[in-house]
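Below is one structure, written out as structure tokens; comments come after it.
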Amino acid sequence: MFKNTIVRIPGESYINGLTTSNLGVPDYEKALKQHGAYIEALKTCGVEVTVLPGHADFPDSTFVEDTAVLTPGFAIISNPGAASRNREVIEMGQVLKSHYENMYYIKSPGTLDGGDILQIDRHFYIGLSARTNLEGAEQLKALLELENYDATIVQLDKFFHLKTGISYLGNQTVVVAGEFIDHPDFQSYKKIIVPPEEEYAANCIRVNDYVIIPSGYPKTKQIINEAGYETIELDMSEFRKLDGGLSCLSLRF
Ligand code: CIR
């Protein structure tokens with residue numbers, strides 16, 4: 001069960017955020033509305049939502065997931081791999097200090113984005129991507145092992161972040177797309193396979209009794225519903241334009 005979440009409203013500079021998607025410039029007003037709906041969905045799932053104000057210095061700072069890795073007992077402040085995002089962690093570290101006594105930090109030359117980290121019970125998967133390097137991954141693995149968790153480092157092929165292509169729903173069930181469908185590291189799990197034309201829906205989040213999914217992906221929704229999960233659909237169009245998905249918009253703990 002999650003009790004807490006942290007989100008950050010998209011700042012005025014949001015439209016200048018990083019992207020590889022070629023989907024056009026986000027509509028800021030629409031992004032604010034979609035973010036408001038995201039907050040409401042989290043509340044429906046029964047969690048406290050700490051809403052941080054927009055931060056114009058950091059266009060991508062609404063994607064708070066990348067700034068930390070959280071467990072019930074400790075927080076690890078990441079070291080984001082994109083230069084324009086790196087200092088987002090300073091303020092998030094301050095915010096997390098009010099929730100955690102036990103805090104660790106990923107340090108340069110290690111880089112790590114929270115979007116590359118997937119927790120499945122006591123095990124973590126750490127994606128090596130354009131943002132997370134081997135040094136950052138090994139630092140995280142060592143910290144997790146110190147706290148009696150295990151970790152596997154997974155080399156990404158095409159996905160932007162690890163969680164762009166895989167989500168964990170609980171009950172040993174993962175939602176997988178693309179390169180993760182037949183990936184040896186995920187063979188032991190029950191798999192919900194996202195068809196290629198719905199790949200964006202592989203980034204979904206289980207929050208207590210619900211799975212929040214992006215709207216517009218009917219096949220994935222149906223498979224998740226048939227597996228016994230209740231879904232909440234959210235329009236994510238303005239976040240997708242900057243390579244963002246549902247998990248990116250919150251820290252959940
Ligand atoms: C970036 O390039 O960093 C942002 N435009 C998107 C970050 C998405 N975050 C995530 O997948 N965890």
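Read the numbers this way: they start at 1 and go in the same order the structure lists the ligands and their atoms. As the structure is a prediction and not an experimental result, all values here were calculated from the model.
Looking at atom 6 (C) of ligand 1, its nearest protein heavy atom turns out to be L242 O, 3.1 Å. Of all protein heavy atoms, the one lying nearest to atom 9 (N) of ligand 1 is D66 OD2, 2.9 Å. Looking at atom 10 (C) of ligand 1, its nearest protein heavy atom turns out to be C248 SG, 2.7 Å.
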Which donor-acceptor pairs under 3.5 Å do side chains of residues 95-102 form with protein atoms, sequence neighbours excluded?
unit_1, atom_1, unit_2, atom_2, d
S98, OG, V95, O, 2.7
Y100, OH, T71, O, 2.7
N102, ND2, E147, OE2, 3.0

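Using a 4.0 Å cut-off between charged nitrogen and carboxylate oxygen, K33 and E29 do not count as a salt-bridge pair.
For E48, the CD atom counts as loosely surrounded, since its 6.0 Å shell holds 12 or fewer non-hydrogen atoms of other residues, nucleotides or ligands.
For the residue pair Y229 / N171, a side-chain donor-acceptor distance below 3.5 Å is found, with atom types taken as modelled.
A distance-only check finds no donor-acceptor pair linking the side chain of R122 to the backbone of D150 [under 3.5 Å].
For the ligand labelled ligand 1, residue D60 lies inside the 4.0 Å heavy-atom shell.
Of the options E65, R85, R131, the smallest heavy-atom separation from atom 2 (O) of ligand 1 is shown by R131.
For S129, the side-chain hydrogen bond (donor to acceptor under 3.5 Å, both in side chains) test picks out D116, with sequence neighbours left out.
The shortest N or O to N or O distance between L18 and ligand 1 is below 3.5 Å. In terms of polar-atom proximity, H161 is counted as a contact of ligand 1, with an N or O under 3.5 Å from an N or O of the ligand.
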